[in-house]
Amino acid sequence: MNELLKSPKVDQYFKENVAYASDELQQENQPRWIYSIDGVFLQKKAVCLGIAHAWNSLCRRLRVPYILVTGEAEIAGNLENHAWNMVEI
């Protein structure tokens, strides 16, 4: 499979199999797994950082060049920490 086709398949996997851990994110004592690949692959839910780490793990295995990006995103009028991936295609 060429590089151009691998990246959308990884994205499709996450859309179909992983939920955003919004309830856990609101808890006072947030579970650590929401920020890691454990949340994605064991709990089937995570926040952006956990999803980004898991995405990178799959890209590394598929030999798709990627970069983990962290910064801020505006969500409902507030700047919040965010993580995402840049993939070379």
Side-chain angles (χ1 to χ4, degrees):
M1 180 181 302
N2 72 31
E3 303 304 309
L4 191 58
L5 296 176
K6 290 178 185 175
S7 176
K9 289 194 180 287
V10 173
D11 190 50
Q12 181 180 359
Y13 171 83
F14 288 107
K15 286 179 181 175
E16 293 175 357
N17 295 286
V18 182
Y20 192 79
S22 53
D23 291 340
E24 290 80 5
L25 188 60
Q26 301 305 315
Q27 295 174 4
E28 186 173 324
N29 294 316
Q30 301 164 345
R32 298 180 90 193
W33 57 259
I34 67 173
Y35 298 101
S36 73
I37 65 173
D38 289 347
V40 172
F41 296 118
L42 300 178
Q43 304 292 330
K44 301 292 188 202
K45 52 188 342 189
V47 295
C48 57
L49 184 60
I51 294 167
H53 283 304
W55 220 100
N56 291 346
S57 176
L58 290 178
C59 283
R60 191 170 34 251
R61 184 158 241 227
L62 294 169
R63 297 193 173 128
V64 174
Y66 67 89
I67 297 172
L68 173 66
V69 181
T70 59
E72 294 180 329
E74 187 174 332
I75 301 171
N78 299 313
L79 281 179
E80 299 194 17
N81 292 332
H82 190 51
W84 63 96
N85 299 286
M86 287 180 24
V87 178
E88 182 180 310
I89 53 173

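Predicted model, so just to flag it, every value in this text is computed and none were measured. Sequence positions, counted from 1, serve as the residue numbers for this chain.
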Close side-chain approach of V64 to V87, heavy-atom, < 4.5 Å: yes

Can you see which heavy atom on Y13 is nearest to which on L58, and at what distance? CD2-CD1, 4.4 Å

Side-chain donor/acceptor pairs under 3.5 Å, residues 46-57, sequence neighbours excluded:
unit_1, atom_1, unit_2, atom_2, d
N56, ND2, A52, O, 3.4
N56, ND2, N85, OD1, 3.4

Rounded to the nearest 0.5 Å, how far does CD1 of I75 lie from NE2 of H82? 6.5 Å

First locate atom CG of D38, then atom CD of Q43, and finally report the distance between them rounded to the nearest 0.5 Å. 8.5 Å

pair V69-I67: side-chain heavy atoms closer than 4.5 Å: yes

Linking I/L/V/M/F/W/Y whenever any side-chain heavy atoms sit under 4.5 Å apart, do Y20 and F41 land together? no

Walk me through whether W33 and V40 qualify under side-chain contact (heavy atoms from CB on, under 4.5 Å). CA-CA 8 Å; W33 57 259; V40 172; over 6 Å; no

Can you tell me how far NZ of K45 sits from CG of D23, rounded to the nearest 0.5 angstrom? 5.5 Å

Side chains of residues 25-32: which donor-acceptor partners sit under 3.5 Å, not counting sequence neighbours?
unit_1, atom_1, unit_2, atom_2, d
Q30, OE1, Y35, OH, 2.5
Q30, NE2, L25, O, 2.7

Enter the distance from E24:CD to I34:CD1 here, rounded to the nearest 0.5 Å. 6.5 Å

